[in-house]
Amino acid sequence: MIAELLFSVFAVLAIIGGLGLVLARHPMNGAICLVMTMISLAGLYSLLSAKLIFVLQLIVYAGAIMSLILFIIMFLNIRKEDLPKEEWRWAYYLGGIVVIAPVGLLMTKAVKALPGSEASIMGNGFGGVKEVGVVLFREWLLPFEIVSILLLVSLVGAVVLAGKRRVEQ
Amino acid sequence: MIADYLILSIILFCIGILGVVSRRNVFTVFMSIELMLNAANLAFIAFSRLHESMDGHVLAMMVMAVAAAEAALALAVVILLHKHKSKLDTNMFSLLKG
């Protein structure tokens with residue numbers, strides 16, 4: 001089946017991108033790896049018939065947020081000698097894996113106990129703009145408005161934090 | 001199978017935790033948090049497909065909005081810290097230690 005093949009390709013690309021982010025020494029390489037992960041996640045969303053989220057993932061995440069991060073990384077002009085020295089990096093990786101692996105295995109076991117269902121691609125009536133919009137504006141109206149306030153607060157906060165300080169008279 | 005998507009989401013989340021725990025570069029820590037948010041999004045969409053309801057899609061959109069707000073604020077803080085100390089090491093940022 002072509003859907004399973006596509007899932008395997010996207011899953012491997014996403015995991016490679018995540019590992020590249022964690023292993024890369026310079027944040028620029030890590031950011032490019034993260035962009036790869038996000039684009040392959042968009043492919044996975046399209047396999048799950050989430051059309052609107054597929055488009056939003058490409059536009060908002062891979063387009064807007066990652067370009068903002070890349071812009072800031074380039075803006076700060078980080079050279080090799082500015083990077084923190086991480087001599088004990090591999091020990092930290094090992095310790096992290098030792099702590100995280102049991103939790104991951106436990107959650108994998110829990111997920112495998114779920115009732116199985118084929119992820120066949122659905123046609124109209126699932127995941128489009130209309131279906132998501134109906135649910136969003138009927139049942140999730142209050143969280144939607146709260147998110148708009150959150151965005152306003154973060155906008156003002158970013159301007160106050162990163163803006164120029166006024167010189168005291 | 002839906003369970004494969006969920007397992008992939010768990011793997012990505014664990015990689016994100018590993019990045020937060022074991023790296024000291026501010027940007028790498030921040031992008032690992034973004035990776036964790038993405039893994040949560042994948043789980044939301046997979047569960048939404050499993051139950052054939054649209055609530056997971058709405059939640060994924062909310063997560064995206066929160067991630068955008070977080071990116072704007074966190075990058076402003078990183079610029080300020082870089083101006084203040086001209087370092088990117090999380091161990092150097094101990095202003096709140098008293």
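In what follows, every chain begins at residue 1, and chains take the letters A, B, ... in the order their sequences are listed.
Most heavy-atom pairs under 4.5 Å with chain A: of the set B/His57, B/Arg23, B/Met31, this distinction falls to B/Arg23. Of the listed residues A/Gly96, A/Gly157, A/Ala158, the one with more heavy-atom pairs under 4.5 angstrom with chain B than any other is A/Ala158. In terms of non-hydrogen atom pairs under 4.5 Å with chain B, the most contact-rich of A/Phe144, A/Phe126, A/Phe75, A/Trp90 is A/Phe126. For the set A/Leu68, A/Val134, A/Val103, A/Val159, the entry with the most heavy-atom pairs within less than 4.5 Å of chain B is A/Leu68. Taking A/Leu151, A/Val147, A/Leu19, A/Leu21 one by one and counting their heavy-atom pairs under 4.5 Å with chain B, the maximum is reached by A/Leu21. Note: B/Asn25 leads B/Thr28, B/Asn25, B/Ile7 in heavy-atom pairs under 4.5 Å with chain A. The candidate from A/Val22, A/Leu48, A/Val111 with the greatest count of non-hydrogen atom pairs under 4.5 Å with chain B is A/Leu48. Between chain A and the residues B/Lys87, B/Glu52, B/Lys83, B/Arg49, the largest count of heavy-atom pairs under 4.5 Å involves B/Arg49. Contact tally against chain A (heavy-atom pairs below 4.5 Å) for B/Leu6, B/Val21, B/Leu8, B/Ile45: the top residue is B/Ile45. For the set A/Leu44, A/Val153, A/Thr37, the count of heavy-atom pairs under 4.5 angstrom toward chain B peaks at A/Leu44. Ranked by non-hydrogen atom pairs under 4.5 Å with chain A, the options B/Leu88, B/Val58, B/Val78 are led by B/Val58. Most heavy-atom pairs under 4.5 Å with chain A, from the set B/Leu35, B/Ile11, B/Asp55: that is B/Asp55.
Atoms CG and CZ, from A/Leu23 and A/Arg89 in turn, are 7.0 Å apart once rounded to the nearest 0.5 Å. To the nearest 0.5 Å, atom CD1 of residue A/Ile72 and atom CD1 of residue A/Ile69 are 9.5 Å apart. With values rounded to the nearest 0.5 angstrom, B/Met61 atom CE is found 5.5 Å from A/Leu52 atom CG.
Only the side chain of A/Leu41 comes within less than 4.5 Å of a heavy atom of chain B; its backbone N, CA, C and O stay farther away. Interface remark: B/Ser53 contributes backbone atoms only to the contact with chain A (heavy atom separation under 4.5 Å). Interface remark: B/Ile17 contributes backbone and side-chain atoms alike to the contact with chain A (heavy atom separation under 4.5 Å). If you measure heavy-atom distances from A/Leu114 to chain B, the contacts under 4.5 Å come from the side chain alone. Only the side chain of A/Leu83 comes within contact range of chain B, with heavy atoms under 4.5 Å apart. Proximity to chain A (any heavy atom under 4.5 Å) is shown, for B/Asp4, by both the backbone and the side chain. When heavy atoms are compared at a cutoff of 4.5 Å, B/Leu42 approaches chain A by way of both its backbone and its side chain. If you measure heavy-atom distances from A/Ile146 to chain B, you find no contacts under 4.5 Å at all. Proximity to chain B is limited to the side chain of A/Ile78, based on heavy atoms less than 4.5 angstrom apart. Proximity to chain A (any heavy atom under 4.5 Å) is shown, for B/Val20, by neither the backbone nor the side chain. Looking at A/Ala24, the atoms closer than 4.5 Å to chain B (heavy atoms on both sides) all sit in the backbone: N, CA, C or O. Only the side chain of B/Phe47 comes within contact range of chain A, judged by heavy atoms closer than 4.5 Å. Using a 4.5 Å cut-off between heavy atoms, A/Ile73 touches chain B through backbone and side chain atoms alike. Contact annotation for A/Gln57: both backbone and side-chain heavy atoms come within less than 4.5 Å of a heavy atom of chain B. Contacts of A/Tyr61 with chain B are made by side-chain atoms alone, with heavy-atom separations under 4.5 Å and no backbone atom involved. Proximity to chain B (any heavy atom under 4.5 Å) is restricted, for A/Phe7, to the side chain, taken from C-beta onward. Only the side chain of B/Leu12 comes within contact range of chain A, with heavy atoms under 4.5 Å apart.
Between A/Val12 and A/Ile16, the closest side-chain pair of non-hydrogen atoms falls below 4.5 Å. Side-chain contact between B/Glu70 and B/Glu34 is present, with heavy atoms from C-beta onward closer than 4.5 Å. Using a 4.5 Å heavy-atom cutoff, the side chains of B/Tyr5 and B/Leu50 are not in contact.
In terms of modelled atom types and a separation under 3.5 Å, the side chain of A/Ser40 and the main chain of A/Met36 share a donor-acceptor contact. A donor-acceptor pair is defined here as one N or O able to donate and one able to accept, closer than 3.5 Å; no such pair exists between the side chain of B/Ser9 and the backbone of B/Ala40.
Here the closest non-hydrogen pair linking A/Gly104 and B/Cys14 is CA-SG, 4.0 Å. Contact between B/Asn41 and B/Ala60 at its shortest, heavy atoms only, is OD1-CA, 3.2 Å. Here the closest heavy-atom approach between residue B/Phe13 and residue B/Ala39 is recorded as N-CB, 3.6 Å. Contact record, B/Ala74 with B/Phe30: CB-CE1, 3.6 Å, taken as the closest heavy-atom pair. Residues A/Glu4 and A/Met1 approach most closely at OE1-CB, 2.6 Å, considering heavy atoms. Here the shortest heavy-atom pairing between A/Ser46 and A/Phe54 reads CB-CD1, 3.9 Å.
For NZ of A/Lys130, the number of neighbouring non-hydrogen atoms (other residues, nucleotides, ligands) closer than 6.0 Å is 12 at most. Other residues, nucleotides and ligands contribute at most 12 non-hydrogen atoms within 6.0 Å of the CE atom of A/Met107. More than 12 heavy atoms of other residues, nucleotides or ligands lie within 6.0 Å of OH in A/Tyr93, so this atom counts as buried by the packing criterion.
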